[in-house]
Each structure stands twice: as C-alpha cells, then as structure tokens.
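Before any comments, here is the structure.
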Amino acid sequence: MPSVLDQRPAPTVTGPRPASQRRRTRALALPEARWALAALVLFLIALPLKLLDAPVWVWAPLLTTTYLTGGWEPGWEGLKALKDKTLDVDLLMVVAALGAAAIGQVLDGALLIVIFATSGALEAVATARTADSVRGLLDLAPTTATRLLPDGGEETVAAEDLEVGDIILVRPGERVGADGQVLDGASDVDQATITGEPLPVAKQVGDEVFAGTVNGTGALRVRVERDPADSVIARIVKMVEEASETKAPTQLFIEKVEQGYSIGMVIATLAVFTVPLAFGSALQPALLRAMTFMIVASPCAVVLSTMPPLLSAIANAGRHGVLAKSAVVMERLGQVDAVALDKTGTLTEGTPRVTDIRPLPGTGLTDDTLLTLAAAAEHPSEHPLARAVVHAARERRLPLPEALDFVSVPGRGVSGTVDGHIIEVGSPVRVLPSPVEAVQEVVEGLEDAGRTAVLVLCDGVPAGVIGIADRLRPDAAATVAALSELTGRAPALLTGDNERAAKHLAEQVGITDVRAGLLPQDKVAAVRRWESEGCKVLVVGDGVNDAPALAAAHTGIAMGKAGSDLARETADAVVVRDELAAISSVASLSRAARRLVVQNLVVAGVFITALVTWDLIATLPLPLGVAGHEGSTVIVGLNGLRLLREAAWKTPRGGTARANAPADS
C-alpha cells in the first residue's frame, strides 16, 4: 500500500493558518476507511440473522455485499500485483474467503474479509494523520517578514525569500521570520516550539533567535544567519520525514514473508488438487480435498492469534487514557528496552507555580503582603512568571489593588504604583542596581534548589524574593522506577532546558543519565546512537521540539493535554490525560499481549499442522476440518480477550514520596 507521506508535496515555508483551515484528514475521507466500515456494518447485520437460521435470501445478500465492499480493494491490488509478477497475502486472503464460500463456509470468509479490510483502514488513517501533522508544523513559521533596507526604509517580503545577511524587524507579538542573531533591541521570546523551555527567554544583542518563535513585548532587529530552507523548523520537518522513512525496512521484511507464504499456499493448493487427479482420482473428491485444504490451511486462526490480544490491549489502554494508534504500535511498545524522557511538560506539569515567598528581614512584610504587592504589579502582564504570581495570590484569595503607571521592560521586569508605592518585580540581576548581600543569599539558595528567583522592590528598596518552579507530575518518580524495573535500565532525560535545572529534577526522580541544552537534532542524534547500539528506544515528549525524536525512536509516546498537535500526531501513542504512570502500565500491557500472541500462534500452528497433515495423509472429513479450523479460531480469540480484564492493567506503586516536589521551570 503506498504511503500517504510519499504523495504529499515537498515542504515549503508557509505562514500561520487559522485553526479552522489547518489540514487534517478525516478518517471517513479515506476510501479504505469507508469500505471497511461498510463491510463491518453489513457483517454485523448478517451475523445474527445467519446464527438464528433466518432464510438464506435474508442474510446471503448481506454477506455477499460484505465480500464485495471489504474485498474488492485488496483483491484488485492483488491482481495488479500479479500483473507485476508478485503475490501478496491480501490476494491470498480474498481467495481463501472465496474458497470458504465455495464449500458453504460463507460466514468464515466474510469474517476474514472484514478483519483485513479494517486493518488496512487503520493503517491508512494513521499514515494520513502523520502526513497532516508534518504539513501542519510549517504553520509555525510566518509567511512574511519585515526586511530593513540600507536607506533606512523597510519592505514586506516572503519569509522564504530572505537571504543570509538580511536585517529584519520583529515587532512585539510577531513570529521571528528566520534563524538569526539579535543586532539591536531586547525582548522575551517564547521558543517552546524549538527548545521546549516553558518560559520565554530574555533576548538581547548577540543572542540567537529561531524562526517560528514568538517575540514578546520588545522590538528586535535580527540579522538572518541561515537560509529559511535550513532553519531549525525546516530541519525538524525534514527529520520527521526521514525518521518515518527509516521504518520502511521492517515493511520490506514483512512483504518478503508475505510473498513466500502466498506462493507456497498457491503451489500447495494446486498440488493437493492436481496430484490426485494424476493418479486417477475423480474430479469431485480432488476438488473437495483441495477446498478442505484451503479451509484448514487458511490463516484465520493465525490472524486472530495476533489481533484479539493486541486489540484487547488497545481497548484496555484506551479505558485508562492511553491511545495506541494501531495494533502494530501496541506490539512495539512491549519491545522497548530503553526509555528517554523529556522534562518540561512530560516529567513536569509545564506550568510555572510559586513555590517560595521570602520577605527580607527588616521589611516588616508578611508572605501575604509581599505576594499581594507583587501580584498587583504583575497583574497587567502576560508573562508566564507574572501569571504564576497572580495565580498564587488568587489561590490565597488575596485582594489585589490596582497598579497605576504600569510599565513592562522586556528582559527586566515590570513596575507600577500600588497603594502609593512604586513596586518593581523582575530578574534580580536586572532590577537591582548593585548587589545586596541579603538578597544574594536568598536568590542563590532558591536557584540552587532549582527555582527561578523573582525580586520585589518597594520604592527602590529590596522587599523580598519569590521562588517560581515548574512542578513535577505526581507520578513522575513512580513512573521512572517502574520503567527502570521494566527495561532493566533507568530512563534518560533529554531536555532543552539548562543543565542545572535538569540535574536538579533528575535527582528527584532517580535519573542519572541527563542530557541538557539539546536542540531537536541533538535529541534525534541521542536516540539514533542508542539504536545503533541495538537498543529499542521509547521516547516520551510533549512539544514540537520532541517530534523528530518521537519519529526516530522505535516507539514514541506524546502527552495529550500539554502536547503539541505535531507531537500527538507524530507519536505512536498518546497519554490522553497526561497520567505519566500510564506509560509503564501500557508497556507492561504490551508485553502481556505479545506473550499471548506467541501462545496463540503456537495453538494455531498446532491445529493447522495437524489438520493439514491429516488432509494430506488420510481423508479429513470436511465437517471435522471446519470444526477444527473454527475451534482453533475460537480458542485463540477467547485467549486474546483476557487482556480486556481490569486486572491486566498494572499501575506502578511506590516512589510517590517525592511526587509533589517542585522542579526548576
């Protein structure tokens, strides 16, 4: 089946697109999904009628239409493959279904058709959604940029027409048009899409900025340092595409197995039919033996050996808030032996919160008073740290007086007049004219503990320090412990945040392998290095910057609530409710499913081997052959359904003592 990814146009840098216009393929927009749904509905209507011995004219047309709706596409593709002198399992399944119908086993054949049609539809939907998400990433980059001219004028140009060396003006609230270096101005830039950092980063002369990141309240003049086609955003798209293509060898291996099996089945069936004829057998007994062989050798039980355990595991995981995008994903989750976790939004909640309120000695301020002054001054600001301070004041139900003469200075902080006092809130380094020992002591203590320190001045005098941090998820430590036990090695931490914050968080959850300050390509390089050593890596992330690593990994899981659209669509599975502990649980469930698959394959193999041998050596009565075939199908089906039980979902225990500890934001 050709990949949707292979059919999309080459990536180009585009501008922001309203959410309503962003391209997202609907499942029923795909013909595979429509035909599979039609076949399933028809089969479900016909099934009770057939089992209740309704007249043939009632259920036969329904099952006939099931064959047509679910089987015409794989049959047609199989015929086209025959034209190219290849034979695949899809065509073999259609032939087996028709063979079953030819000797009266119409229901068996219809079930086989429905199973294969549904599987093909799920694959088509997953591939289309991945293509949508890759295209949607390009919406992060602006369509146009303001280029400054040598004579002091300015012009609006397409972002893709920018060249290295051009000077562009980035106004407050605009997206940066290209990767470059700040020549003039200061501002806070939200670059979570690139580095995953939860807070805007102060940018000044000499700092690097990335295309697609959002400028804050200051204006910046930026010199373009990279061609737009080589920007970090463009490279993320390219890496997602390349990582998706690296999965092709697995598909090629499967196709080789299908080819050999298909050819073997055709040769064996023809031999079972023609050899007796050559030795004088009558036509009807030879045909009956061949049809019996086709039925008992039919891989229905083999198909059901795999699907019920995996589909049951998918259903169980879905009840617990984990969406696995296909049965293949559920199987691959159980193969992982190394785990790489993102920090912000994955191990942490991704939302900064006030953790410490430290009035300075001699000020006479209480915690509530200091917080009230800071929150009143910060109230008009849209900065994430300001929102954290205001949120903390509201949680304490503190009344906030109005701040007059509000001023926000990018990279420094805010100021305003509150109850007749000039209140300044911002970075200790920026708002304090000269070092004060008492302030330095508190600030260093907070920063050593992994907090972001915010200084509050009252009429130019230090009044206190507020500590802000991004809190760990409640189940972070338990999840790390469970994953360590499951894979035999502790997870690694891959993050774009600074090393001190990353190591501080890692110590809290029991991670020793910390890789900090990483860009998206660095995360991909780490994943590929592990996989070159023979590891099957599970990557867990939430941001656009995690998407290449999610695609490059053996298996990727995205956080649902905090995760970006691209991360959710690129990942193989999504934790819908952001319950981190569900990651180890779904991996354990996958391993249980794989064990059941092996059990079922053994049962199916024994039945098929025994029945085929009987049919070849002696004369296997058709009713007994059908009974054996159906019996093996029922056994493996019921065995696979065991994973629907609540007891199959294993929730990790322990490690909760540190769950509420804060992490650096």
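- Remark: the backbone N or O of A338 is not paired with any side-chain donor or acceptor of R489 at under 3.5 angstrom.
- Counting all heavy atoms, side chain and backbone alike, N639 lies closest to L596 at O-CD1, 3.5 Å.
- The main-chain N or O of N316 is never found under 3.5 Å from a side-chain atom of W649 such that the two would form a donor-acceptor pair.
- With T609 contributing its side chain and V606 its backbone, the two residues share no donor-acceptor pair below 3.5 Å.
- The two residues D475 and L580 have their closest heavy-atom pair at OD2-N, 3.0 Å.
- W35 pairs by the ring-ring contact (aromatic ring centres under 6.0 Å, His included) definition with W72, not counting sequence neighbours.
- With sequence neighbours left out, the ring-ring contact (aromatic ring centres under 6.0 Å, His included) criterion links W614 to no other residue.
- When atom types are taken as modelled, the side chain of R591 and the backbone of L486 share a donor-acceptor pair closer than 3.5 angstrom.
- Side-chain atoms of R528 never come within 3.5 Å of backbone atoms of A525 as a donor-acceptor pair (strictly under, hydrogens ignored).
- Here the CG atom belonging to L538 is positioned 7.0 Å from the CG atom belonging to L483, to the nearest 0.5 angstrom.
- The distance from the CZ atom of R594 to the CD atom of Q335 is 4.5 Å, given to the nearest 0.5 Å.
- For D337, the salt bridge (charged side-chain N to carboxylate O under 4.0 Å, His left out) test picks out no residue, with sequence neighbours left out.
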